[in-house]
J.: 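After the C-alpha cells below, expect a handful of questions from me.
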Amino acid sequence: MITDVVILAGGFGERLWPASSPENPKQFMTLSGGLSFMQSSIFRALSLEVSGKIIIVTRADLVASCVKQGKEMAEKLKSEKLLKDLYVLSEPSPRHTAAAIMSASLFLEKIEPEKKHTVLVLTSDHVIEPVSAFVSDAKKAATCAEDGNLVCFAIPPTEAATGYGYIKEGESLTADTFRIDSFKEKPDAETAKEYLASGKYFWNSGMFAFTTDFLFDEMSKCTPEVTQAFEVVKNGSTPEVKRVDSIGVIEGWKELEAAYSTTPKVAIDTSLAEKTSHASCVRTTFTWTDVGSWDVFSELSDSVCPHVGEVEAKDNFVYSDIPVALCGVEDLIVVIKNGSALVMKKGSSEYSRKVVEAMKE
C-alpha cells in the first residue's frame, strides 16, 4: 500500500500567464470556481487513506499559500488526518524534481525511521478522474514499487499529442504493469502519429511510486552526485516542525540548505527514471490531463465570463476580470487578469513561455 504522498508544487506560473504568476502559480487556480488544482491533489492523496504523511514541497514564498490551501481543505472535509499529517516543506531554492523528491523522502525517514515508506509522488496541476480508478491504480503501483521498481503511470494516448513525453512499452510484468522499454521526449507531429498508431506508446504522467530504500540505493547508482549532496541531510538532525494554522511547516532546515548548495539541478526523469533498469509502469484506468496551457484550460473550463459582448464572433474563450467586446474574430483565447492581457489564437499555447519572457524584457 502507498504509505505516504508527496505533492510537488514549485511552479512559476508561466504557462497560464497572466492569470497565474510566480507569486500565484496555476496550482492555486480553479477551473470553474471549485477546488483549486492543489486542493484536488490533496483530496486525491487523502482518498488513498495513507497511514503516513502528505507532504507538499514548494518554494519558500509559497509556503503561506500552501498552508492556506491545506487548512481550507481540512475544514471543508472536516479532516483530522490533514490537520495531523499534512506538511509543507520549504525548499531553499528551486533545484528541479530530483532534489524536491529526495528532500521529502529524507524527511519521512527522519520522522519515522522505523517505518517502511512506499511513496507516491503527485503534481499539483493535473486533472484526474474518477478518483476511485486513481486509488485502484495507485494500489497496483504500490505493489510494483514494493517489488523493487520505480513505477510510472502510463496514460493511453487519445490523440497524437506533441506536448507530452512518451513511454514505450516493454515486457509485461502482470496484466496491469509492464517494464519500460524507453522514454521518449516530446515528439514532432509525424512521430506522435507513429506512436499513436503503434499502440506501444503511452503518455508519461509525471507521477511516480517507489520505496524510499529503492530511491536512495538506485539514485546512488544512477546519479551519485545527487545522493552525495544529500548525505549531509541523511546524517544530520531531524528538522524542527512548526505548526501554522494546525498545518506542519518545515523551513530553515540547515542541512537541507547545505544539500541544495551542491546538488545538481536535475529532474527525477533524467536522474533516475531514464537510467534505472527497474523502471516500470501501471496501465492507468483513470483519465488524466496536464493543465499546462490555455488551450487545455479552455477545453476543460465550463465557467462563462459574464461580461462578454460578441458581434460576428464565434468559438472564442474569454477569461477576464473586466468586460470584453469581440468583433469579427474567431478561435481566440483572451485572458485579462492581474492588470495584464493575453490575446492568442487557439492552438498557439507553445508560445506562452516566450511571451512571458518578452513581457519581462
J.: Which heavy-atom pair separates Thr97 from Ile268 by the least distance, and what is that distance?
T.: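 Closest heavy-atom pair between Thr97 and Ile268: OG1-N, 2.8 Å.
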J.: Assess whether side-chain hydrogen bond (donor to acceptor under 3.5 Å, both in side chains) is satisfied between Glu255 and Ser237, documenting all intermediate values.
T.: CA-CA 8 Å; Glu255 289 90 344; Ser237 59; 3.1 Å; yes
J.: Do the two ring centres, one from Tyr195 and one from Tyr164, sit under 6.0 Å apart?
T.: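 When the ring centroids of Tyr195 and Tyr164 are compared, they turn out to be at least 6.0 Å apart.
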J.: I'd like to know if Glu218 and Lys275 make a salt bridge, using a cut-off of under 4.0 Å between side-chain N and carboxylate O.
T.: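 The answer is no: the pair does not qualify as a salt bridge.
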J.: Does the side chain of Phe297 come within less than 4.5 Å of Phe317's, by heavy atoms?
T.: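 Yes; the side chains approach each other to less than 4.5 Å.
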J.: Report yes if the side chains of Phe107 and Leu256 come closer than 4.5 Å at any heavy-atom pair, otherwise no.
T.: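 They are not in side-chain contact.
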J.: Let me know which of Phe153, Tyr166, Phe178 forms a ring pair (Phe, Tyr, Trp, His ring centres under 6.0 Å) with Phe202.
T.: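 Running ring pair (Phe, Tyr, Trp, His ring centres under 6.0 Å) over Phe153, Tyr166, Phe178 with Phe202 returns exactly one hit, Phe178.
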J.: Nearest heavy-atom pair of Lys110 and Lys234: which atoms, and what distance?
T.: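 Heavy atoms only, the tightest pair is NZ-O, 2.8 Å.
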J.: Among Ile42, Val57, Ile7, find the residue that satisfies the side-chain contact (heavy atoms from CB on, under 4.5 Å) test when tested with Ser124.
T.: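 Checked Ile42, Val57, Ile7 against Ser124; only one passes side-chain contact (heavy atoms from CB on, under 4.5 Å): Ile7.
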J.: Has Lys26 got its NZ or CZ under 6.0 Å from the middle of the six-membered ring of Phe37, at an angle within 45 degrees of the ring axis?
T.: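 Judged by the rule, Lys26 and Phe37 form no cation-pi pair.
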J.: Might you work through the side-chain hydrogen bond (donor to acceptor under 3.5 Å, both in side chains) test for Ser41 and Arg44, ending with a clear yes or no?
T.: CA-CA 5 Å; Ser41 294; Arg44 284 193 288 275; 3.2 Å; yes
J.: What is the distance from atom OG1 of Thr238 to atom CD1 of Ile111, rounded to the nearest 0.5 Å?
T.: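 One finds 8.5 Å between OG1 of Thr238 and CD1 of Ile111.
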J.: For Asp269 and His96: C-alpha separation, side-chain torsions, deciding distance, then whether side-chain contact (heavy atoms from CB on, under 4.5 Å) applies.
T.: CA-CA 10 Å; Asp269 310 68; His96 223 317; 6.0 Å; no
J.: Answer whether the closest heavy-atom distance between the side chains of Val334 and Asn316 falls below 4.5 Å.
T.: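 Val334 vs Asn316: side chains apart.
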J.: Going through the distances and angles, do Ser105 and His117 end up as a side-chain contact (heavy atoms from CB on, under 4.5 Å)?
T.: CA-CA 8 Å; Ser105 299; His117 299 276; over 6 Å; no
J.: Around atom CD of Glu231, are there more than 12 heavy atoms from other residues, nucleotides or ligands closer than 6.0 Å?
T.: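 For Glu231, atom CD is crowded (more than 12 foreign heavy atoms under 6.0 Å).
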J.: Distance check, rounded to the nearest 0.5 Å: Leu120 atom CG versus Met1 atom CE?
T.: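 CE of Met1 is found 11.5 Å from CG of Leu120.
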J.: For the side-chain contact (heavy atoms from CB on, under 4.5 Å) test, which of Leu108, Thr3, Thr212 pairs with Lys115?
T.: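 Result for side-chain contact (heavy atoms from CB on, under 4.5 Å) with Lys115: Thr3.
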J.: Looking at CG of Asn24 and CG of Asn338, how far apart are the two atoms once the value is rounded to the nearest 0.5 Å?
T.: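 One gets 7.0 Å once the value is rounded to the nearest 0.5 Å.
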J.: Would Gln27 and Leu62 count as a side-chain contact (heavy atoms from CB on, under 4.5 Å) here? Give the steps.
T.: CA-CA 11 Å; Gln27 57 256 39; Leu62 297 180; 4.0 Å; yes
J.: Could you measure the distance from the OG atom of Ser280 to the CG atom of Leu173? Nearest 0.5 Å is fine.
T.: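 It is 5.0 Å, given to the nearest 0.5 Å.
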J.: I'd like to know if Arg353 and Glu357 make a salt bridge, using a cut-off of under 4.0 Å between side-chain N and carboxylate O.
T.: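 Result for this pair is no, no salt bridge flagged.
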J.: Please report the closest heavy-atom contact between Cys152 and Asn204, naming both atoms and the distance.
T.: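 Heavy atoms only, the tightest pair is CB-OD1, 4.4 Å.
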J.: Looking only at non-hydrogen atoms, find the nearest pair between Pro18 and Val335 and report the distance.
T.: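 That would be CD-CG1, 3.7 Å.
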J.: Going by atom types only, do Ser352 and Ser349 share a side-chain donor-acceptor pair under 3.5 Å?
T.: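 No, no side-chain donor-acceptor pair sits under 3.5 Å.
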J.: Test the Arg59-Phe12 pair against the cation-pi criterion, namely NZ or CZ under 6.0 angstrom from the six-membered ring centroid and within 45° of the ring axis.
T.: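 Yes; both conditions hold, so Arg59 lies above the ring face of Phe12.
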J.: Go through Glu169 and Arg283 one step at a time and tell me if the salt bridge (Lys or Arg N to Asp or Glu O under 4.0 Å) criterion holds.
T.: CA-CA 10 Å; Glu169 181 179 0; Arg283 293 183 180 87; 2.3 Å; yes
J.: Identify the residue among Phe134, Phe286, Trp288 that makes a ring pair (Phe, Tyr, Trp, His ring centres under 6.0 Å) with His126.
T.: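 That would be Trp288.
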J.: Any salt bridge between Glu299 and Lys346, counting N to O under 4.0 Å?
T.: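 A salt bridge is absent here (no side-chain N lies under 4.0 Å from a carboxylate O).
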J.: Looking at every heavy atom in both Val266 and Ser271, which two are closest together, and how far apart are they?
T.: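 Distance-wise, the nearest heavy atoms are CG2-CB, 3.8 Å.
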J.: Can you confirm if the NZ or CZ of Arg15 lies within 45° of the ring axis of Tyr351 and under 6.0 Å from the centre of its six-membered ring?
T.: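 Ring-cation test returns no.
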J.: Shortest non-hydrogen contact from Asp137 to Thr284?
T.: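 Shortest heavy-atom contact: OD2-CA, 3.3 Å.
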J.: I'd like to know whether the aromatic ring centres of Tyr319 and Trp294 sit less than 6.0 Å apart in this structure.
T.: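 Aromatic pair counts; centres sit under 6.0 Å.
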J.: Please step through side-chain hydrogen bond (donor to acceptor under 3.5 Å, both in side chains) for the pair Asp295 and Ser293, ending with a clear verdict.
T.: CA-CA 5 Å; Asp295 282 301; Ser293 72; 4.8 Å; no
J.: To the nearest 0.5 angstrom, please state how far the OG atom of Ser36 sits from the CG atom of Leu31.
T.: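 Ser36 OG to Leu31 CG: 10.5 Å, rounded to 0.5 Å.
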J.: Are any non-hydrogen side-chain atoms of Leu215 and Leu272 less than 4.5 angstrom apart?
T.: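 Yes, close enough: below the 4.5 Å cut-off.
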